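Note that these values count all heavy atoms, side chains included, but never hydrogens, waters or copies made by symmetry. Quick caveat: nothing in here was measured; it's all calculated off a predicted structure. Chain naming here is simple, since letters A, B, ... match the order of the sequence lines and numbering starts at 1 in each.
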2 protein chains.
Amino acid sequence: MPTVSMEDYLKALYHLESRTPRVSTTALARWLHVAPASATEMLRRLAAWQPPLVHYTPRHGATLTPEGRRLALRIIRKHRLLERFLHDILGFPWDAVHAEAERLEHAVSDEFIRRLAALLGDPAYDPHGHPIPGPDLHLPPVTDTPLLHAPPGVPLVVKRVSDRDPGLLRRITELGLHLGQRLIVLERTPYDQLLHLQLEPGGGRAVVGPRLAQSIFVQQVEPPITPPPAAPLEAHR
Amino acid sequence: MPTVSMEDYLKALYHLESRTPRVSTTALARWLHVAPASATEMLRRLAAWQPPLVHYTPRHGATLTPEGRRLALRIIRKHRLLERFLHDILGFPWDAVHAEAERLEHAVSDEFIRRLAALLGDPAYDPHGHPIPGPDLHLPPVTDTPLLHAPPGVPLVVKRVSDRDPGLLRRITELGLHLGQRLIVLERTPYDQLLHLQLEPGGGRAVVGPRLAQSIFVQQVEPPITPPPAAPLEAHR
DNA sequence: CCCACAATTTAGGCAACCCTAAATCTGGAG
DNA sequence: CTCCAGATTTAGGGTTGCCTAAATTGTGGG
C-alpha cells in the first residue's frame, strides 16, 4: 500500500476522536494499516511539532490540539470536495471516489480547492453524505444514527454511508439502497444479527447484517415530537 | 522546494534529450534544481530498474530506454491534460497551471486521466501550445522554431511558449502576446540581443530579449502543406 | 603531450516514512 | 495486592530522496 503521510494521521485522529476522546496507538495503527510502532513514532512527531498538533501522553493515547484539528479539517474539506468532483463531473462510481481522493487531497493547493468549490456550487455533502467543512472549516451537527441502532417500525431515510470500504458500498448499491432511500426496519433478529428492511416506495425488501447496518446512517423522516406511546417492539441496543 | 520524484527525473530526461541526445548529470541536476550528486544517484537507480529506464554510462551521461520514454510520456500526458483542465475548467491563469499540474500529475490515476481527457474533448495541445501525447503516447512532429531563429520580414504565428517560468509567461502576456498571435520580426540587433516585433493585426510593436525569444515558438503563417492543428481553446487570461 | 579545471562520482549524513523483534508498562482478573 | 496478557514503546534496520565535502577522471588549452 502507498505510504501514509502526516496528514493521513491527522485525518485518522480526527475520525477516531468522534468515537473515543483519547485515541490509542493501536486504534490509530489499525485504522491506517500500519504497525503500532509507526503510529507511536508519528504521535511523537506530531506532539513535537511547532505548534503541537496533538496532545500525546505516552501509553495513554493522544488528542488533536486545535491546530491539529484545523489541519485535519482542511484535508477533509479537500477530500470531500474532490469526491464530489470525481463523482459529479468525472462520473466515477461512488465506490471509487474515496481511493482517488485519498491521493489527490495531498496534492491540490488551497487555490485549487477554492476554485473547485465554486465550480461545484459549494456543495454541503460528499457523494456518501458526509458533510463538507466550509472554508471556515465549520461542520453541521450530526443528526443521523447507524441503521443498526435505529428504531423499528418508523420511516427512515438513508443520510450517509461509510466510504472506506468499496466492497461495502457496492453491496449497498446492490441492495437497492442509496442516499435519500426511504426504509423501515421491519424486524431485528436477536443480537442484531440481521435487520429486515422494507424499502419505500416500491415495497422492496432487504436483509442486512450488522457490519452493513453499522455503516449506513439514517434519520427519521417525520421528526418525532412525541414518541408513539404504543408499546414498541423491544428495542435492543 | 518540494522533493523531486523518480517520475520527475524521467520527464526531465525526456525534455533534455530533445536538445542533446545524451544527457549529462549536470544538465539533469540543473534542470531539477538538485545537487549533481543527487542526479548521479538517481541515474544509477534508473539504470538498475527492472527493466532499465535509462542507459547510463558513468561519466558519459544517460539516455532513456524505450520503457523509460514510455513512462516519461505517460506523465507528460497527465501533466498537459491537467494543465488544460486547470486552465479551461478551473480558470487558472496560464502562468499558474504548470506548478499545480506538477504536483497533481503524480497523484492522478490512469482512470482519472481517461475520464478527464473525455471531459475535455481529447485536446491536442496544452495551454502553452505543447502537444498532448495521445493515449498511445504518440506526439505530432514539431513544426515550430524559436522566435529567436525565425526569419525576419515574414508573417509568423505564436504556436507554443515555454511554461516552466511563470515570470516569463507573465511578461509574454504583458507584451500583448498569446497563442495564435500573428507577428513579424522587423529587425534583430547584432548577436540577437533584441528583436523588434510588429504584432498583427493592430500593428502594435514589441521588443524582446534573447531569453524571451528563445521561449516563444513560432511558425510561418502561410503553412507549407499541413494545415496547423486546431489551436487550443481560447487564449489565457 | 601534459596538466589543471570542470564535471562527476564517492563517502558520509539527514529526514520522513516503514517494519520486526525485544523490552516495558498498565490495568484488570483473581 | 499480585501477576500476566495485551498494549505500547524502544532498538535496530530499510527505502527513497536530498545535501556537502572529498576524491576522481576526462578533456581542452597551452
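- If you measure from atom CZ of A/Arg59 to atom C1' of D/dT9, you get 5 Å, rounded to the nearest angstrom.
- When atom types are taken as modelled, the side chain of B/Ser215 and the backbone of B/Arg211 share a donor-acceptor pair closer than 3.5 angstrom.
- Taking only side-chain nitrogens and oxygens, B/Ser38 comes nearer than 4.0 Å to OP1 or OP2 of D/dC19.
- In this entry the distance linking CZ of B/Arg45 with P of D/dC18 reads 7 Å, nearest Å.
- Checked against the 6.0 Å centroid threshold, B/Phe85 and B/Phe112 do not count as a close aromatic pair.
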List the atom pairs, donor and acceptor, that lie under 3.5 Å between side-chain atoms in residues 66-81 of chain B and the rest of the protein, sequence neighbours left out.
| residue | atom | partner | partner atom | Å |
| --- | --- | --- | --- | --- |
| B/Glu67 | OE1 | B/Arg70 | NE | 3.3 |
| B/Glu67 | OE2 | B/Arg70 | NH2 | 3.4 |
| B/Arg69 | NH2 | B/Glu17 | OE1 | 2.8 |
| B/Arg74 | NH1 | B/Asp110 | OD2 | 3.1 |
| B/Arg77 | NH1 | B/Pro133 | O | 2.9 |
| B/Lys78 | NZ | B/Val108 | O | 3.0 |
| B/Lys78 | NZ | B/Asp110 | OD1 | 3.4 |
| B/His79 | ND1 | B/Glu105 | OE1 | 2.7 |
| B/His79 | NE2 | B/Glu83 | OE2 | 2.8 |
| B/His79 | NE2 | B/His98 | ND1 | 3.1 |
| B/Arg80 | NH1 | B/Pro131 | O | 2.6 |

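- Residue-level contact check: B/Thr25 touches the backbone only, with heavy atoms under 4.0 Å from sugar-phosphate atoms and none from bases.
- Residue B/Leu28 contributes atom CG, which lies 10 Å from atom P of C/dT9 at whole-angstrom precision.
- For the pair A/His33 NE2 and C/dC18 P, the computed distance is 13 Å after rounding to whole Å.
- To the nearest angstrom, P of C/dA16 lies 14 Å from CG of A/Leu10.
- Rounding to whole angstrom units, CE of residue B/Met1 and C1' of D/dG17 are separated by 16 Å.
- Of the candidate nucleotides C/dC17, C/dT10, D/dC18, C/dT10 has the atom nearest to the side chain of B/Arg44.
- More than 12 heavy-atom neighbours from other residues, nucleotides or ligands sit within 6.0 angstrom of CZ on A/Arg22.
- Spacing between atom CE of A/Met6 and atom P of C/dC18 amounts to 12 Å, rounded to whole angstrom units.
- As rounded to whole Å, 11 Å separates atom C1' of C/dT10 from atom CD of B/Glu41.
- Contact annotation: B/Thr3 does not reach the phosphate of D/dG17 (side-chain N/O to OP1 or OP2, under 4.0 Å).
- Annotation: of the two residues near DNA chain C, A/Tyr9 and B/Tyr56, the 5′-most nearest-nucleotide partner is B/Tyr56.
- Among the nucleotides D/dT10, C/dC17, C/dC19, the one closest to any side-chain atom of A/Thr40 is D/dT10.
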Give the intermediate values and the outcome of side-chain hydrogen bond (donor to acceptor under 3.5 Å, both in side chains) for residues B/Asp8 and B/His106.
CA-CA 9 Å; B/Asp8 293 312; B/His106 306 296; 3.0 Å; yes

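- With distances taken from any side-chain atom of A/Pro58 to the nucleotides D/dT9, D/dC18, D/dG17, the minimum falls on D/dT9.
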